[in-house]
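See structure below.
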Amino acid sequence: MKAKLATTAILAGMAGTAAAQSNVILYGVADMGIEYANHQPNGNHSTVRVQSSNMSGSRWGLRGAEELGGGNKAVFALEGGVSLDDGKSAQGGRLFGRQAWVGLQTRYGVLTLGRQTTPMFELGGAYDPMAIAGRYSIGAQDAALQSRADNSVKYVGRIGGLTAKGFYSFGVDGTSGVNGEVPGNSKVGREYSFALGYDAGPVSTNLVYDEVAGNSVATADSKSRRVAAAATYLWGPVKSFVGYRYARLMTPPTNATTNLYWAGATWDVSAAWNLTAVAYYQDFRDTGADPWMFVFSADYQLSKRTDLFLNVAYTRNKENSNLGVTGFGTTSPGANQSAAVLGIRHKF
């Protein structure tokens, strides 16, 4: 249950006015499970382990809004990831590694500044059948579909069923050396992205363009460019998904191109039971190392806030591809990997 920590703007009260109303919400997710996975790197051994952040990233956060009048609001969010198995902060030890932003919401849209999810992340969350789950999802094939950026400005505007997004980061990652914003070299760590979505009845579609430059002066001319398109269609209790992502990784004098495809569906069997199945395939151009990943998930709601889940995944590698169920490099080259995680998730 979300806890409302404050209901009246303290500063406004101190100033002797009662025109503005504000509230702050404390919320979070606690997700833990026991996982089995075979063909571990450096020996092909199997393992059984306790894992945090399986269906959802374990987190805690604060978000709020203040009415400014005329339909305008000041909005903010502070959200930190937590590894429940050891109590450490996730996202590289950041206190608020998942989100840390503030902005304005008006009838013309929402403008926010800070550390934020990218439009590519938001496409992944909405159009991956596994909703970019922490374990076994599209993020294993391409981590950019789970990306956030520091030092960013984001605009979101909606007209009817259309949603447009613009995103710009002056330096995507403050933990990776040069934090962008380099005098005389604005390309370092720069990211820009645009998105256009459409929702009407059972149909939802989204198109995203994203480009990120190298994160140091020496690599500023390197860049990764991605274009993704995806759609969903709701057939009563069944929701179908299809998507495609093109990526070109440019590190002069070489380039590499990949094409990622996915398709799947979710089925609300009953008010308590939900089943998900999805297949992901990535074609690495000019190589034969083109891995598949298959995921099946069963979720049972014990209540509105607590559920039990079983996720099963399998990767099929070719040549020296090393795609594991949680990403590249998590299995031995050329080996296929099977894994399953049984867990519990609680939302508050």
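This structure is a prediction, so every number in the text was calculated from the model and none was measured.
- A salt bridge between R94 and D173 is present, with a side-chain N of the basic residue lying under 4.0 Å from a carboxylate O of the acidic one.
- With a 4.5 Å cut-off on side-chain heavy atoms, V110 and T112 count as touching.
- The environment of K318 atom NZ is dense: over 12 non-hydrogen atoms of other residues, nucleotides or ligands sit within 6.0 angstrom.
- Atom-to-atom distance recorded for R285:CZ and T258:OG1 is 9.0 Å, nearest 0.5 angstrom.
- Checked by atom type, the side-chain pair Y36/T47 shows no donor-acceptor distance below 3.5 Å.
- For the residue pair N311 and A298, the shortest heavy atom distance occurs at OD1-N, 4.4 Å.
- A distance of 11.5 Å separates CZ of F167 from CE of M120, quoted to the nearest 0.5 Å.
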Practice task
Could you walk me through whether L275 and D299 pass side-chain contact (heavy atoms from CB on, under 4.5 Å), step by step?
Solution key: CA-CA 6 Å; L275 302 178; D299 185 80; over 6 Å; no
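- Transitive grouping of hydrophobic side chains (ILVMFWY, heavy atoms separated by less than 4.5 Å) keeps I132 and L207 in distinct clusters.
- Checked for salt-bridge contact, E79 and R148 miss the test: no charged N lies under 4.0 Å from a carboxylate O.
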Practice task
Begin with the C-alpha distance, continue with both residues' side-chain angles, and end with the deciding distance and a verdict on ring pair (Phe, Tyr, Trp, His ring centres under 6.0 Å) for Y127 and F241.
Solution key: CA-CA 6 Å; Y127 296 92; F241 298 75; 7.6 Å; no
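- Between the OG atom of S89 and the CZ atom of R59 there is a distance of 14.5 Å, given to the nearest 0.5 Å.
- Using a 4.5 Å heavy-atom threshold, the side chains of R245 and W262 count as touching.
- In this structure, the side chain of S193 engages the main chain of Y209 through a donor-acceptor pair within 3.5 Å.
- Taking all atoms of both residues into account, the shortest heavy-atom contact from R115 to R98 is NE-N, 4.5 Å.
- Taking both residues in full, the closest heavy atoms of A231 and T205 are given as CB-CG2, 3.8 Å, listed atom of the first, atom of the second, then distance.
- The closest side-chain heavy-atom distance from Y233 to S204 is not below 4.5 Å.
- Rounded to the nearest 0.5 Å, atoms OH (Y300) and CD1 (I344) are 12.5 Å apart.
- A salt bridge does not link R225 to D210: none of the charged side-chain nitrogens sits closer than 4.0 Å to a carboxylate oxygen.
- At distances below 3.5 Å, not a single donor-acceptor pair connects side-chain atoms of Q282 with backbone N or O atoms of L260.
- Nearest heavy-atom pair across A213 and K187 is CB-O, 3.0 Å.
- In plain terms, the two heavy atoms of F348 and V29 that are nearest each other are CE2-N, 3.9 Å.
- Under the 6.0 Å cut-off for aromatic ring centres, Y168 and F170 qualify, their centroids lying closer than that.
- The hydrophobic cluster containing F76 also contains F96, counting ILVMFWY residues as joined when their side-chain heavy atoms lie under 4.5 angstrom apart, directly or transitively.
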Exercise for the section: Could you walk me through whether S58 and S52 pass the side chain to side chain donor-acceptor pair (under 3.5 Å) test, one step at a time? Expected result: CA-CA 7 Å; S58 296; S52 176; 3.2 Å; yes
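- Looking at N336, its side chain does come within 3.5 Å of a backbone N or O of N317 through a donor-acceptor pair.
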Exercise for the section: In sequence, state the C-alpha distance, the side-chain angles, and the governing distance for S216 and T219, and then conclude on side chain to side chain donor-acceptor pair (under 3.5 Å). Expected result: CA-CA 5 Å; S216 70; T219 63; 2.9 Å; yes
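- With contacts defined as side-chain heavy-atom distances shorter than 4.5 Å, the pair V208/L196 does not qualify.
- By the 4.5 Å heavy-atom criterion applied to side chains, F284 and E319 are not counted as neighbours.
- For the pair S83 (side chain) and D85 (backbone), a donor-acceptor distance under 3.5 Å is absent.
- Residue-environment remark: OH (Y198) stays at or below the threshold of 12 foreign heavy atoms within 6.0 Å.
- Between the side chains of D31 and S53, no donor N or O sits under 3.5 Å from an acceptor N or O.
- Neither side chain, Q141 nor Y261, offers a donor N or O lying under 3.5 Å from an acceptor on the other.
- Summarising the local packing, CG of D86 is surrounded by more than 12 heavy atoms from other residues, nucleotides or ligands at distances under 6.0 Å.
- For the residue pair N274/D268, the side-chain donor-acceptor check at 3.5 Å is satisfied.
- Side-chain contact between Y192 and V212 is absent, with no heavy-atom pair separated by less than 4.5 Å.
- The aromatic rings of Y281 and W292 sit tilted, their planes meeting at an angle between 30° and 60°.
- Taking the side chain as every heavy atom from C-beta outward, T330 and V325 never approach each other to under 4.5 Å.
- A140 and M293 get closest at one heavy-atom pair: CB-SD, 3.8 Å.
- Under the 3.5 Å distance criterion, the side-chain polar atoms of N38 are matched with a main-chain donor or acceptor of S338.
- The backbone N or O of H39 lies less than 3.5 Å from a partner atom in the side chain of T331, making a donor-acceptor pair.
- No donor-acceptor pair under 3.5 Å is formed between the side chain of T315 and the backbone N or O of G324.
- Between the side chain of S297 and the main chain of T276, no donor-acceptor pair closer than 3.5 Å is present.
- One finds a salt bridge joining R345 and D307 here, because a Lys/Arg side-chain nitrogen approaches an Asp/Glu carboxylate oxygen to under 4.0 Å.
- In this structure a side-chain-to-backbone donor-acceptor pair under 3.5 Å is present from D128 to I138.
- Here R226 does not pair with E211 in a salt bridge; the nearest charged N to carboxylate O distance is not below 4.0 Å.
- Enclosure of atom CG in L113 by more than 12 non-hydrogen atoms of other residues, nucleotides or ligands within 6.0 angstrom is indicated.
- Ring orientation note: the planes of F294 and Y314 are close to parallel, at an angle under 30° on the 30°/60° scale.
- The shortest side-chain heavy-atom distance between V295 and Y280 falls under the 4.5 Å cut-off.
- No chain of hydrophobic side-chain contacts below 4.5 Å, direct or via other Ile, Leu, Val, Met, Phe, Trp or Tyr residues, connects F194 to F121.
- The backbone N or O of G171 sits less than 3.5 Å from a side-chain atom of N151, completing a donor-acceptor pair.
- Here K73 does not pair with E66 in a salt bridge; the nearest charged N to carboxylate O distance is not below 4.0 Å.
- Residue R49 qualifies as enclosed at atom CZ: its count of foreign heavy atoms under 6.0 Å is above 12.
- Put simply, OG1 on T106 and OH on Y108 are 7.0 Å apart, with the number rounded to the nearest 0.5 Å.
- For the atom pair S169 OG and K154 NZ, the distance stands at 12.0 Å (nearest 0.5 Å).
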